[in-house]
Every structure is written in C-alpha cells, then in structure tokens.
Number of protein chains: 2
Amino acid sequence: MRQNPTLKKIAERLNVSISTVSRALKDHPDISPETGRKIKELAELLEYDPNPYAVNLRTHSSREFAIVVPSLSNFFYHSFIGSIEEEARIYGYSVVIYRSSNDAKIEQEILKSCRHKRVSGIFIAITSETDDMEPFLKMDVHGIPVIFFDKVPQYESCNKICVGDEHAALLAAEEIIRKDIPNILGIFGDPNMSITRARLQKFATVLQQNGSAVHLKTVHARSSAEAEQITLSLLPEWMDKKFAVFCMSDEILAGAMKAIQRKGLRAPADLGVIAISDGMIPLLFYPEITYAETSGSKLGKLAFSRMMRCIAGSSFAQTIIDESKLVVGGSI
Amino acid sequence: MRQNPTLKKIAERLNVSISTVSRALKDHPDISPETGRKIKELAELLEYDPNPYAVNLRTHSSREFAIVVPSLSNFFYHSFIGSIEEEARIYGYSVVIYRSSNDAKIEQEILKSCRHKRVSGIFIAITSETDDMEPFLKMDVHGIPVIFFDKVPQYESCNKICVGDEHAALLAAEEIIRKDIPNILGIFGDPNMSITRARLQKFATVLQQNGSAVHLKTVHARSSAEAEQITLSLLPEWMDKKFAVFCMSDEILAGAMKAIQRKGLRAPADLGVIAISDGMIPLLFYPEITYAETSGSKLGKLAFSRMMRCIAGSSFAQTIIDESKLVVGGSI
DNA sequence: CTGAAAGCGCTTACAG
DNA sequence: CTGAAAGCGCTTACAG
C-alpha cells in the first residue's frame, strides 16, 4: 500500500526544508527561480498533491461546496448542479452532492457533516418537512454561507434564489390567450405549497384580465396518478369544446398526458396542452409539449455568484427570482 | 464566527487531559465510569463532534464512500445511489456523489480527489471514453477498493457489478415469442458499447432459437434523436405487417416512441413495443410500455456487500451479474 | 485509571 | 532567499 508523496519526501530528496518546498509549490515570491523549478519538477514527477485534510486542519478552509437536494430525479436539479459544478471548477472549488431524500432528519445529518467538514458554502433545496431554521442559522454563526434555491424557507433574512413562478404562469397564460382558447382546465399541485399558490394565482389573474370571457376550471392533484385520475374523469365533458389543459408541473403533466393518451386524444387537434416544466418530459411526446421553462442552469449561475459574494463578505440577505422562458412545442 | 468545540476545550473545562477526553468519548475501557459520564455529558452539551480532518490526518481513514456516475438523469443510478446510501448509513459511512458528466478528464480529477481524500471506497460507473485502467489500479495500490457498476471496463481482474444484459434481452425476446409476433425491429445503441453487443447478441439468439421463422431487423442509434429518425424512416415499410419494436434502452425508447406517436400509431393495436428500461419512461405512456427492468437498488445492495468484503480484506476480484425482471405494461 | 508526548501533513510568522 | 518552529485537532503507544 503506497503512500502519497508529501512535502517532507520532496524536501528530503532535494535537501531543502519543508517550508521551502511548500513555498515553491505555491509560487511564493521569496523562492529563487532555480530552487522553485527543481522542486516543481520533482513534485510533478511524483504527482504530488497536498493532503486536503492537512491543509484544511491548518487553514480551516476546504474549497468545497455542498449541494443538498431532496431528490435526484429532477431535471431542474441536474442542470442546477451542472452549472454550479462548472462555475466551481473555474474558481478551483470542488462540489459534493448530497441527497436528503426529502427527509428532514437526513437533511440535518448532512448539514451537520457539512459544518464539521467546514465546507466553503452550501446550496440547498430544503425538504418539504423542514421547518426549523436553527441549523441554518448555526451554519451562519460558523461562517458558512447558505444559499437556498428552488425549495426555500419562509424565513425572511436569508439568501434565496427561486424560479419565477408568477412569470412562468404568466407566459403560459399569455400563450393560451394568444391561441384564443376559451376553455381551460388548469391542473395544479398541492394547494398547501407556496409554489402552487403563486402559480395558480397568477395564472388565473392573467386569464381574467384578458377581458374576453374565458372559462377556467382549476383542480388540484397531489401526485401523477391523481392528475391522471382527475383528467380522466373530466375529459369527457370537455371533449366537445375548444379547450386546453394547463399543467403546473412535470409530475402533473405526466399524469395528464397519460389520461389524454388513454382517451385517444391528440394535441393540438383535439385539445391544447401547455405546462410549466423543467424541460425533459415535454420532449417525450409528439408533438412536443409547449411549456414555460424553469431553468436550473441559469438559477445555478445566479446562486453561484451570490455565493461568491457571500464568501467575499457580503452579509446582506437577498431574494433573487429568475425569469422563465416559453419553449414552443406543437401541443397548443 | 464561533468555533466548533474541541477535545482541548472539554479537557480544560473538566481539568482532565485531552487523552482522557478522547478515550472517554470512544468508550475506552480504561476510563472510570464517573469521569466518562462527566465528559460525555459536557460533550453532549457542547455538541462536540470530532473534526473529521484531524481524525483523518491521524488515522488515514475517512469512513466515506464516493459514488461516481456519468450522469444524474437516470433512474437506475438514483435507485443505485439510494440503496448505497441506505446501507452506508447503517454501517456509519457517509456517501458523496460525484458526476463525471461522461467526461474522462473530469472523471480523472474526481478519482484523484478521492485518492487524496482517502475515501474508504469508490463505486463507479465509468464514462464511455474511459480507456485507461491505470488510475484505478493506482487506487488499489493506495488501498482504496473500487467497485465498478453498470458501466464497467473490459479489464478482467476488478470488481464489477452489472445488470444482466443477457437476461434482460432474454426476457424481452421471450415476451415477443409469447405474443407470437413474427416481425421485430430491434433498435440498439452504439455498437461499440459492450452493453449493446451483449443485449443484441442474446436477443437475436433467443429469437432465432425459437424455430419459427421470425424476421428480425436490427439497427443502431447513438442518441434519442437518431432513434427517432431511424424509426420514422423505417415505420412505413412495417406498418402493414404484424410487428413489434424492441428498444434496448430508455434513451432509444424515448426516440422511438416519438416517431411512433408522430405516425399516429398506437400500441398494442398497430404494433407491439417492448424495451429494456430503468423504469420511469415506460410509465409515461398509455398503455404503459412493457419492459425488462434493470433495477439499481438491488445492484446497489450487491455492490455494497462486495465493498464491505473488500474493506475486510478480500482481494479477490469478482464479477456479479444481477438478473432482470419483466414488468408487463400493455404495449405488446 | 490518567497524562505527557509524538506525530499525521501542512502553513506561516519569525528569524537569519 | 531559506529554515526552524509552532500549531491546526486528533489518536495512541508508552509510562506511571
């Protein structure tokens, strides 16, 4: 079992002190070019890399970010993670991903471990159970910035980066108006979620403001299966009208599409379909579903730059809302 | 910025030595019950937790597993990760997830960082570019076990845990035979991937052995879009026969289904559809697609127990194949 | 039963 | 320009 090379080994081989090696390797100006070159050559040869545990113990900094998400099965999070990783690489930080499984207890454990490992910062989408801000405030006391994204707490003074629920709902509603569709079945998620309230409220308002008498029926589904059931039971009474189905999320879209397929209906001939989505499910159908996209990668960029500002010392808490964009498929 | 409590702080407050505190906290038999109790009480109160960097520097062990996957957008990996996390928790290990983005260079960096962090072990699904075994052998030299899963190298003497490609292909072929379908369009992935060769070979063999003259046409697609294109161009000539489409993966299924929808065909009336899948895409359609499932969570359990055996000292390299199971939808 | 001491691998203020 | 020394927080063989 071979050991990794250390400063000491390099120092011994070159008959210099450990301090000198350490300095040479970080291009300290004091070191003579000659010595510096020799040391770096040998380090290269030996594939030296500092022991991160020793460095951290000494410097109290890990140059490592943690991303905590409730679940991995989510395109939105993938693109968020991807863009954080990309940015982090540029700044010389590494990224570790943790999954809370939407379990507040596991989330706590992860936070604790992040604290002990003195990560440089945490990006977190909280679980739906999370109601205690204390662990997060504790991170702050320890000087570890926390950026909440997507699923954020109610608590005011913290950094939050969210998708623009209102804006996405607005885009979808506008598209429906543009297509001049008079009847709309809006399928929304759990009415207790803030995201549901925001999307529903905006969606309804925009349609109403349009003046022309649109008929909007809204229903709530807590799961894909429920969305399927509801859609299935409602479709018969809508089939002879000109109408569209609006799905506020991918989960709901999946259920609704199953019901629509089951009834043998096809968009856009038999009905219009439009959704708010992270961008993968809509592409599985033909024609592709038109949707207002909530983009994780842009959110990631925003979150990252906020993080860097926190690390640089900004203690000012901020809520950033990212705007959505309409991706036109052929379903409406 | 508050500091985490240390052994020293506890020792000072209790007027004992650091050694005593350290021992008490790990229930060393030498410590008197009285002292032990006092120390543990204070530690509890102060929420003491050992600094993992110091521990590692001292002991050379991290009790942390790394999971490296090319991509996160994969149900199979989610369930694999989930089951590793579950097992690890039981044994007191933590798990960090890394994403190589299917980029061999990034994969190398991750491996290097795992080596320096002296993770206790690595579970890895390699990128499609990975061709150099050297970094993996190096892990071995450093005493870090590597368990390959799903995407594994050709290299013989290493630990591999794979889905049963042959078995999955067999199940799909048998279902086709059972349904008595004479014409089969088999859509496979990149012919250079071992997974493609294994699935194709078995699928073809089983169909041939069936005796009755089945007609199998096989094509290869490197992406979802390509699968769509190919399916689209071939469908016309098949439409007047009784036939089935077999998709060797989710990616291909997604493309093929788009073409099928585009042509206005519906399973099982107009054609049969069957796939090998991780289990999410088939559920988006109505009727649900029948598929041979490759289950990540069972693979995770197998990989984990192999890992524990490696840690316990087994140097015996082993290849484990997990069997598949048929999930019947209504598409064939 | 308890403590002093060495050492894991690094960084950095201090001295020369 | 270079080195000796202290110290980050822990563990553990050694001594008592």
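In what follows, every chain begins at residue 1, and chains take the letters A, B, ... in the order their sequences are listed.
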Taken in chain and number order and not counting sequence neighbours, the residues that satisfy side-chain hydrogen bond (donor to acceptor under 3.5 Å, both in side chains) with Thr20(B) are Ser17(B)

What's the CG-C1' distance between Leu7(B) and dT2(C), to the nearest Å?
-> 15 Å

Where each pair must be Watson-Crick or G-U wobble with both distances under 3.5 Å, what dot-bracket representation of DNA chain D is obtained, with crossing pairs in [ ] and other-strand partners as |?
-> |||.||||||||.|||

Is Thr35(B) near enough to dC1(C) that one of its side-chain N or O atoms lies under 4.0 angstrom from OP1 or OP2?
-> no

Write down the distance between CG (Leu46(A)) and P (dG9(C)), rounded to a whole number of angstrom.
-> 14 Å

Picking from dT2(C), dC10(C), dC10(D), the nucleotide nearest the side-chain atoms of Thr6(A) would be dC10(C)

What nucleotide, of dC10(C), dC10(D), dT2(C), holds the atom closest to the side chain of Ala54(B)?
-> dC10(D)

Quickly work out the Leu57(A) CG to dC10(D) P distance and round it to whole Å.
-> 9 Å

What class does the angle between the rings of Phe123(B) and Phe65(B) fall in, given that below 30° is parallel, 30 to 60° is tilted and above 60° is perpendicular?
-> perpendicular

Could you list, one pair per line, each protein nitrogen or oxygen that sits under 3.5 Å from a nitrogen or oxygen of nucleotides 3-6 of chain C, together with the distance?
residue	atom	partner	partner atom	Å
dG3(C)	OP2	Ser17(B)	N	2.9
dG3(C)	OP2	Ser17(B)	OG	3.2
dG3(C)	OP2	Thr20(B)	OG1	2.6
dG3(C)	N7	Arg23(B)	NH1	3.2
dG3(C)	O6	Arg23(B)	NH1	3.3
dG3(C)	O6	Arg23(B)	NH2	2.4
dA4(C)	N7	Ser19(B)	OG	3.3
dA4(C)	N6	Ser19(B)	OG	2.9

Taken to the nearest whole Å, CG/Asn56(A) to P/dC8(D) is 14 Å

Not counting sequence neighbours, which residues clear side-chain hydrogen bond (donor to acceptor under 3.5 Å, both in side chains) with Glu41(A)? List them please.
-> Arg37(A)

Any donor and acceptor pair, going by atom type alone, linking the side chain of Ser71(B) with main-chain N or O of Ser101(B) inside 3.5 Å?
-> no

State whether the side chain of Thr319(B) and the backbone N or O of Lys160(B) hold a donor-acceptor pair below 3.5 Å, judged by distance alone.
-> no

Could I get the full list of side-chain hydrogen bond (donor to acceptor under 3.5 Å, both in side chains) partners for Lys151(B), not counting sequence neighbours?
-> none

Would one find more than 12 heavy atoms of other residues, nucleotides or ligands at under 6.0 Å from atom CD of Glu134(A)?
-> yes

What is the distance from NZ of Lys8(B) to P of dC10(D), rounded to the nearest Å?
-> 11 Å

Using a cut-off of less than 4.0 Å, is there contact between a side-chain N or O of Tyr48(B) and OP1 or OP2 of dC10(D)?
-> yes

Atom pairs and distances, donor-acceptor, side-chain atoms in residues 298-306 of chain B, under 3.5 Å, two or more places apart:
residue	atom	partner	partner atom	Å
Lys298(B)	NZ	Asp322(B)	OD1	2.8
Ser305(B)	OG	Leu302(B)	O	3.3
Arg306(B)	NE	Asn159(B)	OD1	2.7
Arg306(B)	NE	Gln318(B)	OE1	3.0
Arg306(B)	NH2	Asn159(B)	OD1	3.4
Arg306(B)	NH2	Ser314(B)	OG	3.2
Arg306(B)	NH2	Phe316(B)	O	2.4

Taking atom types as modelled, find out whether Ser128(A) and Asn102(A) have a side-chain donor-acceptor pair closer than 3.5 angstrom.
-> yes

Find the distance His116(B):NE2 to dC10(C):C1' and express it as a whole number of Å.
-> 14 Å

Nearest-angstrom distance from the residue atom NZ of Lys38(A) to P of dT2(D) = 9 Å

Starting from P on dC8(C), measure out to CG on Asn51(A) and report it in whole angstrom.
-> 12 Å

